[in-house]
Every structure is written in structure tokens, then in C-alpha cells.
Amino acid sequence: VDYTLRDFQPTDFEELWRIDQECFPPGIAYSKADLTAYVRAQGAFTVVVETTSSRFQTLRQADDTQASSVGAIVGFIVAEANKRGSGHIVTIDVLRDVRRSGIGSNLLIAAEGRLRLANCDHVRLETAVDNAAALRFYERHGYAVTRTIRGYYSNGVDALVLVKEL
Ligand SMILES: CC(C)(COP(=O)(O)OP(=O)(O)OC[C@H]1O[C@@H](n2cnc3c(N)ncnc32)[C@H](O)[C@@H]1OP(=O)(O)O)[C@@H](O)C(=O)NCCC(=O)NCCS
């Protein structure tokens, strides 16, 4: 899959929300209101991945979705830098069809670079205790579990808090 990273534009919003619905189970996926608030929050930034590959066109048609072909968004990351030097990964979403090809890693590396530029010396995130793929992914990127938050998600699932020094 060929792809490029670029900054979020407001016209991307519906596509991002659909991707988030596809990536997370009910109770963990964001409502439109929540996702809007996170994208617009002070200190927040969103990076999207756009495919430049015609192979993806075939995959999407097979899925019978309405996504456009070349230029379709296949993943994104929302992160925020607060004034105290703490970065936060709000969410990272990569469509199933294009996982395990380095897109998530590139999004995470891009966000960590932006957080460093914003003077963050560490970054934290939450993920569901049963999200084995995400836990492997974050461990691979040097994140360590620091604690558990009971009932963090609206479906009652606990979250693990992971932290990385930048
Ligand atoms: C987690 C997620 C973002 C990873 O995206 P990705 O583009 O597949 O990640 P990469 O291809 O960069 O993977 C990098 C490494 O992470 C690890 N990893 C990623 N997915 C994995 C999986 N399903 N099982 C085991 N290890 C995995 C591997 O070490 C992988 O390297 P490898 O493919 O060479 O073995 C993606 O699976 C996703 O969007 N999941 C749904 C949403 C989600 O859970 N987000 C994270 C919680 S906020």
C-alpha cells in the first residue's frame, strides 16, 4: 500500500468518524460529538494517512463501501500536547485491510515528533485491557504499562495507561 501522511482538514471529519466506528467496538468507538471535541481541543493535532495506491480501490470495492479510491483516508491519529510537557495519544486508527504494513508506526512516530516539538518530555495513552494488538504495537514502540483504570470505557471495560519518555 502506498500512502502519504498529511494534516487533518475539517472536510475529513466524516471519513475519520467512519474509520473510528470500524476500528473500535461499541462503547469504545467515539460519538461524533466526542471525536469533534478531541480534534478541536486546545493543543490537539490530527494527522491522516491517505492512500495513493490503486490496490486499495479494489479492496474498498470488495467491501462495497462508498469510500473513494486513490486519496481515501485509511488511518489517522489524534494527539494533544498540554502545557506541562505531557503529550497524550487520544486515538490511533488504521483500517483492517491495510494493517501490519507500518502505517500505524508511521502515524505514531509522526505524532511523537510533533509532541517533542511542543516540548513534551513524555507521552501517555489509554488502551483497553483486552486490546492485545494495540498492546503489542505500543510495547514495540517503547511504551510501558503504568496502571489500570477500572471501568474506563462506557462498556465497562478497564483501561491500561501506558507511558513513554520522549
Ligand atoms: C494498533 C494499530 C493502530 C496498529 O496499526 P498497524 O498499521 O497495523 O501497525 P504497524 O504495521 O505499524 O505494526 C507495527 C508493529 O506492531 C505490532 N503489532 C501491530 N499489530 C499487531 C497485532 N495485531 N498482533 C501482534 N502485534 C502487532 C507488531 O510488532 C508490528 O510489527 P510487525 O508487523 O513487523 O510484526 C491497528 O491495529 C489498529 O488501528 N487497531 C484498531 C484501533 C486500535 O486498537 N488502536 C489502538 C488503541 S488507541
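Ligands are counted one by one from 1 in listed order, and the atoms in each one are counted from 1 as well. We use all heavy atoms of the structure for the numbers below, so side chains are in, but hydrogens, waters and symmetry mates are not. Worth saying up front: this structure is predicted, and the values here are computed from it rather than measured.
Atom CD of E112 sits about 3.5 Å away from atom NZ of K164, to the nearest 0.5 Å. Residue Y143 holds its OH atom at 12.0 Å from OG1 of T127, rounded to the nearest 0.5 Å. How far CD of Q21 is from CG of D93: 10.0 Å, rounded to the nearest 0.5 Å. S105 OG to I92 CD1: the interatomic distance, rounded to the nearest 0.5 Å, is 7.5 Å.
Counting heavy atoms closer than 4.0 Å to ligand 1, residue R140 contributes side-chain atoms (C-beta onward) but none from N, CA, C or O. No part of A132 comes within 4.0 Å of ligand 1, judged by heavy-atom distances.
Residue contacts with ligand 1: A134 is placed with no nitrogen or oxygen under 3.5 Å of a nitrogen or oxygen of the ligand (distance criterion only). Considering backbone and side-chain N/O atoms, Y138 never comes within less than 3.5 Å of an N/O atom of ligand 1. Every N/O-N/O distance between T127 and ligand 1 stays at or above 3.5 Å. Of the N or O atoms in F24, none lie within a sub-3.5 Å distance of an N or O in ligand 1.
The heavy atom nearest to atom 5 (O) of ligand 1, out of those in G104, A159, S105, is found in G104. Closest heavy-atom approach to atom 35 (O) of ligand 1 among the candidates R136, E139, H141, R100: R100.
Side-chain contact between V157 and N131 is absent, with no heavy-atom pair separated by less than 4.5 Å. The shortest distance between side-chain heavy atoms of T91 and D20 falls below 4.5 Å. For the pair L115/F45, a side-chain contact is recorded, criterion being any heavy-atom separation below 4.5 Å from C-beta on.
For atom 13 (O) of ligand 1, the closest non-hydrogen atom on the protein side is F137 CD1, 3.8 Å. Summary of contacts: the protein heavy atom closest to atom 11 (O) of ligand 1 is G102 N, 2.9 Å. Residue, atom and distance of the protein heavy atom nearest to atom 45 (N) of ligand 1 are I92 O, 2.9 Å. Distance from atom 38 (C) of ligand 1 to its nearest protein heavy atom, with residue and atom name: R99 NE, 3.5 Å. At the shortest separation from atom 23 (N) of ligand 1 among protein heavy atoms lies A133 CB, 3.2 Å. With respect to atom 39 (O) of ligand 1, the closest heavy atom belonging to the protein is V94 N, 2.8 Å.
If you number the atoms of ligand 1 from 1 as listed, the ones under 4.0 Å from a heavy atom of S101 come out as 11 (O). Which parts of ligand 1 touch N131 is read off a 4.0 Å heavy-atom cut-off, strictly below it: atoms 43 (C), 44 (O), 47 (C). In the vicinity of D93, heavy-atom distances shorter than 4.0 Å reach the ligand 1 atoms 39 (O).
With ring centers used as reference points, F76 lies 6.0 Å or more from F8.
For atom 2 (C) of ligand 1, no protein heavy-atom neighbour is present inside the 4.0 Å cut-off.
Looking at E22 and R96, no side-chain N of the basic residue comes within less than 4.0 Å of a carboxylate O on the acidic one, giving no salt bridge.
Using modelled atom types, no side-chain atom of E126 and backbone atom of A159 make a donor-acceptor pair closer than 3.5 Å.
Annotation for Q42: atom CD does not count as buried by contact number, only 12 or fewer foreign heavy atoms lying within 6.0 Å.
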